[in-house]
Amino acid sequence: MKVRFAPSPTGALHIGGARTALYNWLAARHGGGQMVLRIEDTDLERSTPENVAQILDALRWLDLDWDEGPISQLGRAEAHAAALRKLLDSGAAYRDSATADDVKAWKVEHGSDRGYRGTPSEDGSGAIRLRVPDDGDTVVDDLIRGEVRFPNRSYDDFVIARGDGSVLYNFAVAVDDADMGITEVIRGDDHLSNTPKQLMVFEALGIEPPRYAHVPLLHGPDGKKLSKRHGAASVQELRDAGYLPEAIRNYVALLGWGPGDDETLLTTAELIERFRPEDVGRSSAVFDEKKLRWMNGRYMRDMPIEDYRSAVRSFVDAETAGRPLNEERFRFGCEIVQEKAQTLQEVWPLIRFLFEPPVQDDKAWRKVMKGDAERVLTEVEAVLIDLPQGEEGPNRDGFSIGAVQAVLEPLPEKLDLGAGKVFQPIRVAITGTTISPGIFESVAALGREETLARVEAARSKLRDQD
RNA sequence: GGCCCCGUGGUGUAACGGUUAGCACGUCAGGUUUUCAACCUGGUAGCGCGGGUUCGACUCCCGCCGGGGCUACCA
């Protein structure tokens, strides 16, 4: 068994392409087969080396590896030329001097349900067309759709190579799939109507075609086909947004395919074991980032803490421009936020107070720093100062989570205030905002010196405010 | 216009002739007497429409409607 993923490098790999790549990869790994990566770069106008690099980068990041390639379709010009000669010699294809306008005119004359039929040019010039029979159907025996019949007469004698001999997609694909011994073609639904053309090329070449599985396209929220210029997130964008490759693999696999039971969270090993192309659904799906976020959060929480830390690291580096951070605090910060964030991007805002002064959030300040806030902070400062020094805690200053909790937790009762009235002012004092990890954890992480300094600063600001 | 594909809640899916139409995300309400997130509990919402076939249709057939793809000397 051998499959191929054959993107055309006209843009970055987006979520739809990633899914096609994943399905091919899963099919290959499931069936103990091979996957070929082929770059369909015969469109000189739109293909660029930058796009090729981006696609490879995206696949590697997703951890989808291939066994052969990347093979440039452009680099197979000789093989294409040989196949072309063969068809020309056998009469299966011919040169036709008709232009696109000529074909249009022909159709006006013969009816729109009728494919164009040309005549060989006398001087041997013009594009090369494949002869298409007038009668009969070409049937695609699709793994997902079943038998789909296409009337031959509705197809043109289509162009397989330009006048200069450069080949076109439907021809190159068939020749390449044949030469590479592809047994299963898993690709987007948008190719279904093109499949008869490719089948005709196989037929003309006298080669057994592969099996086809046309997976439904991914659509945008507006129901239109997802594409680069249509709001489709590229893999790189998803990476930058803080999603994990394993979460993306899991989520994307479920767009159009399900394991058959109610399982939602599936490891890659489970995906490989359970995926079969024939089980892919027939209707198109819409990419829903909300669910991806949820799933990503699940994966983040389940990560070993070391992996979590290194995944967070690159995002933090981007925020701090590489400025080195207090390692101990970073470690501890990661531990206390692992349960909270749904994307890697959300981590830094939650722990930045450990490395930078409190953020300026006037709204949060006004909301919380009023009424009994000053009295609360005075008391907080007092009990924290009394906390004995020691080696405990992330800063080795006696500020362990437990010690901090032991003195702060009784405060609401002691001051006869609601818990929120006590803890929110502390939170705003040390982080500047109302959103942070748990308050005891946050205080412990910040440590004695810095916590007391910030509480004192908040107190004096409150005094000035009066 | 022609050829082809598709149609279960807002989203992804399950059930494939007989179920109170299941699960997940979302959403709403409550809980966790510290925020946010997470977590727990409960609620919400669906078989596009119309004809058949059948004792019985989400499931089979036909029509319609809706969505999509292809129709290039693009891929």
Side-chain angles (χ1 to χ4, degrees), chain A residues 6-10 40-47 73 96 98-100 103-104 107 111-115 126-129 140 142 144-145 148-151 153-156 158-164 166-170 172-173 188-197 214 216-217 219 221-225 251 254-265 281-295 297-298 301 337-342 346 349-350 364 368 408-409 412 418-424 426-428 431 433-440 442:
Chain A
S8 77
T10 55
E40 315 244 302
D41 50 4
T42 50
D43 184 346
L44 282 349
E45 302 286 310
R46 296 191 297 157
S47 301
Q73 196 161 50
D96 180 9
T99 63
V103 172
K104 229 174 270 173
K107 287 203 184 188
S112 58
D113 62 330
R114 184 80 173 83
I128 301 172
R129 294 180 180 272
V140 180
D142 196 88
I144 294 169
R145 316 273 162 185
V148 185
R149 319 186 75 86
F150 296 86
R153 62 174 273 136
S154 67
Y155 283 90
D156 294 336
F158 57 99
V159 176
I160 57 177
R162 301 181 180 93
D164 64 6
S166 61
V167 296
L168 261 29
Y169 173 73
N170 285 119
V173 168
D189 212 0
D190 49 342
H191 292 284
L192 184 55
S193 302
N194 282 146
T195 306
K197 297 182 186 173
H214 287 96
L217 259 20
H219 285 184
D222 63 349
K224 292 270 190 294
K225 170 185 175 181
Y251 173 72
L254 261 24
L255 247 27
W257 173 85
D261 53 26
D262 287 335
E263 295 301 318
T264 305
L265 267 4
R282 285 162 299 279
S283 55
S284 55
V286 174
F287 172 68
D288 175 22
E289 192 169 351
K290 289 244 182 67
K291 191 162 185 175
L292 207 212
R293 284 182 64 81
W294 165 80
M295 192 173 280
R298 293 293 306 249
R301 269 176 282 137
V337 298
Q338 189 174 12
E339 294 294 307
K340 300 176 69 70
Q342 282 188 305
E346 291 169 5
L350 287 170
V368 170
L408 292 187
E409 204 167 32
K421 290 272 184 251
V422 174
F423 298 132
Q424 285 300 75
I426 307 177
R427 200 183 306 279
V428 171
T431 72
T433 183
T434 53
I435 298 170
S436 84
I439 194 64
F440 311 133
S442 297

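Chain letters run A, B, ... following the sequence lines, proteins first and then strands; every chain starts at 1. Everything numeric here is computed off the predicted structure, so don't read it as measured data.
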Participant: For A/P412 and A/L408, which heavy atoms make the closest approach, and how far apart are they?
Facilitator: CD-O, 3.7 Å
Participant: Have a look at A/R282 and say if it touches a base, only the backbone sugar-phosphate, or nothing, with a 4.0 Å heavy-atom cut-off.
Facilitator: sugar-phosphate
Participant: Quick check for you: among B/C6, B/C39, B/C3, whose closest atom lies nearest to any side-chain atom of A/R145?
Facilitator: B/C6
Participant: Consider the side chain of A/E339, meaning its heavy atoms from C-beta on, and name the nucleotide among B/U11, B/A38, B/A75 that approaches it most closely.
Facilitator: B/A38
Participant: Just checking A/P437: base, sugar-phosphate only, or nothing, at a heavy-atom cut-off of under 4.0 Å?
Facilitator: base
Participant: Identify which nucleotide among B/U13, B/C39, B/C70 has an atom closest to any side-chain atom of A/A285, counting heavy atoms from C-beta outward.
Facilitator: B/U13
Participant: Starting at the 5' end of RNA chain B, which residue's closest nucleotide do you reach first, A/G126 or A/V148?
Facilitator: A/V148
Participant: Using the P atom as the reference point in each nucleotide, state the distance between B/G48 and B/U59 in Å, no decimals.
Facilitator: 8 Å
Participant: Would you state whether a donor and an acceptor, one from the side chain of A/D262 and one from the base of B/G22, lie under 3.5 Å apart?
Facilitator: yes
Participant: Among B/U71, B/U13, B/U35, which nucleotide sits nearest the side chain of A/N194?
Facilitator: B/U71
Participant: Using a heavy-atom cut-off of under 4.0 Å over every strand shown, decide if A/Y169 touches base, sugar-phosphate, or nothing.
Facilitator: base
Participant: Looking at B/G69, does its base get a donor-acceptor pair with the side chain of A/S193 below 3.5 Å?
Facilitator: yes
Participant: Quick check on RNA chain B: between A/G418 and A/Q73, whose nearest nucleotide comes earlier from the 5' end?
Facilitator: A/G418
Participant: For the side chain of A/D43, counting heavy atoms from C-beta on, which of B/G22, B/C74, B/C36 is nearest?
Facilitator: B/C74
Participant: Determine the contact category for A/G420: base if any of its heavy atoms lies under 4.0 Å from a base atom, sugar-phosphate if only primed atoms, P, OP1 or OP2 are that close, otherwise nothing.
Facilitator: sugar-phosphate
Participant: Within the modelled atom types, does a donor on one side and an acceptor on the other bring the side chain of A/R46 and the base of B/C74 under 3.5 Å apart?
Facilitator: yes
Participant: Using a cut-off of 4.0 Å on non-hydrogen atoms, how would the nucleic acid contact of A/Y155 be classed: base, sugar-phosphate, or nothing?
Facilitator: nothing
Participant: The side chain of A/L217 lies closest to which of these nucleotides: B/G69, B/C6, B/U35?
Facilitator: B/G69
Participant: Describe the nucleic acid contact of A/R114 in one word from base, sugar-phosphate, nothing, applying a heavy-atom distance below 4.0 Å.
Facilitator: nothing
Participant: Counting the atoms with a prime plus P, OP1 and OP2 as sugar-phosphate, which does A/R293 contact under 4.0 Å by heavy atoms, base, sugar-phosphate, or nothing?
Facilitator: nothing
